[in-house]
Protein chains: 2
Amino acid sequence: MDTDSHRSHADLLATYRRSCPSRTVIEVLANKWSLYVLAALRRSPGPLRFSQLRRLLDGVTQKMLTQTLRALERDGLVARTVYPTVPPRVEYSLTDLGHAAGELTTAIADWAVDHASRVHAARAAFDARPEEPSPL
Amino acid sequence: MDTDSHRSHADLLATYRRSCPSRTVIEVLANKWSLYVLAALRRSPGPLRFSQLRRLLDGVTQKMLTQTLRALERDGLVARTVYPTVPPRVEYSLTDLGHAAGELTTAIADWAVDHASRVHAARAAFDARPEEPSPL
DNA sequence: CTGTATCCAAGTCGATACTG
DNA sequence: CAGTATCGACTTGGATACAG
């Protein structure tokens, strides 16, 4: 994947600057729950209700889920539809923008599943190594 | 991208379980500095020194960079090479595993750059909307 | 140069209680 | 059902000082 072939050297450096507009976008995407919410919505055949997402994402609290969904909605990645019924019904789905982002986060989630054993093995090896690797 | 075509429904649900081994892998990848470090190393033609990474990643503190590099090294994504010179010289590069992960995080970073304006527009629209959208 | 150690502020996150 | 509000524990992250 040579995704940078059309980017200049200066462009690449600018990517990491604090002033780069992408910085704040990265900060929304680069966290566990955003990644999972986008992946879950992308994998779902249709919209998901708040409670469905909560059940799906094991360990997420109501607060974190609300917070995450709001941030994604604010950024135009997730669409929030409220049905004025009683009890209220709220559905979440991906916008076109969110769908594209969801592909990327789903790829990360899939990669993590596929390589978890290798990562865990490396982790164990690292943790098992002696304090002083060079006893001379 | 139908990356899930080979995954069963049960597999997909298991992905979000707290007990899924991929959870801890995601937690390492899903943060700003890990994402940037992997992207920077992947884009670089060769290994990068600690100070080079620090200059490149605008805003990263020494502490966060060290912490991030350690976590990635522990997970077998980054290789750390120490040259016993004086002053010391330490180079970081991607392992095969890290290279694969780097492709994914680079894709996220690129996407963020390319769509930052759309996201920021959505954000501005969201923030500008009235408190009570339905005054009836 | 490449770290480690420490202090402290700020933010994250979970648990709980409550509302329309 | 789908939130909001609040409190407190815990974690994160920055600044600074220091060491091999």
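Chain identifiers are assigned alphabetically (A, B, ...) following the order of the sequence lines, protein sequences preceding nucleic acid strands; residue numbering begins at 1 within each chain.
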key: Contact nearer the 5' end of DNA chain C, comparing R55(B) with T66(B)   = R55(B)

message = Quick test of your reading: applying side chain to side chain donor-acceptor pair (under 3.5 Å), list the pairs with at least one residue in residues 85-100 of chain A, sequence neighbours left out, ordered by first then second residue.
response = R80(A)-Y92(A), Y83(A)-E91(A), R89(A)-E91(A)

query = So, the side chain of N31(A) versus the backbone of W33(A): is there a donor-acceptor pair under 3.5 Å, distance only?
reply = yes

key: Under 4.0 Å protein heavy-atom contact, by nucleotide of nucleotides 8-20 of chain D - B base, S sugar-phosphate only   = -----BBB-B--B

query = Any side-chain donor paired with an acceptor under 3.5 Å for R123(B) and T24(A)?
reply = yes

query = Do any side-chain nitrogens or oxygens of R49(A) fall under 4.0 Å of OP1 or OP2 in dC1(D)?
reply = no

message = Classify Y92(A) by what it touches in the nucleic acid, base, sugar-phosphate, or nothing, heavy-atom distance under 4.0 Å.
response = sugar-phosphate

Atom pair distance, as rounded to whole Å: CD in Q52(B) and P in dG3(C) = 13 Å

ask   = Taking only residues at least two apart or on different chains, which pairs with a member in residues 34-73 of chain B satisfy ring-ring contact (aromatic ring centres under 6.0 Å, His included)?
value = Y16(A)-Y36(B)

key: N/O (side chain, T85(B)) to phosphate O (OP1/OP2, dC1(C)) under 4.0 Å   = no

request  = Decide yes or no for V82(B) and P88(B): does some side-chain heavy atom of the first lie under 4.5 Å from some side-chain heavy atom of the second?
outcome  = no

query = What's the CG-C1' distance between L57(A) and dC13(C), to the nearest Å?
reply = 15 Å

request  = Give me the one residue out of D75(B), L104(B), L77(B) that meets side chain to side chain contact (heavy atoms under 4.5 Å, CB included) with L29(B).
outcome  = L77(B)

query = Which part of the nucleic acid does R54(A) contact within heavy-atom distance under 4.0 Å: base, sugar-phosphate only, or nothing?
reply = nothing

ask   = Nearest-Å distance, CG (L65(A)) to C1' (dT12(C))?
value = 16 Å

query = In whole angstrom, what separates R80(B)'s CZ from dT2(C)'s P?
reply = 10 Å

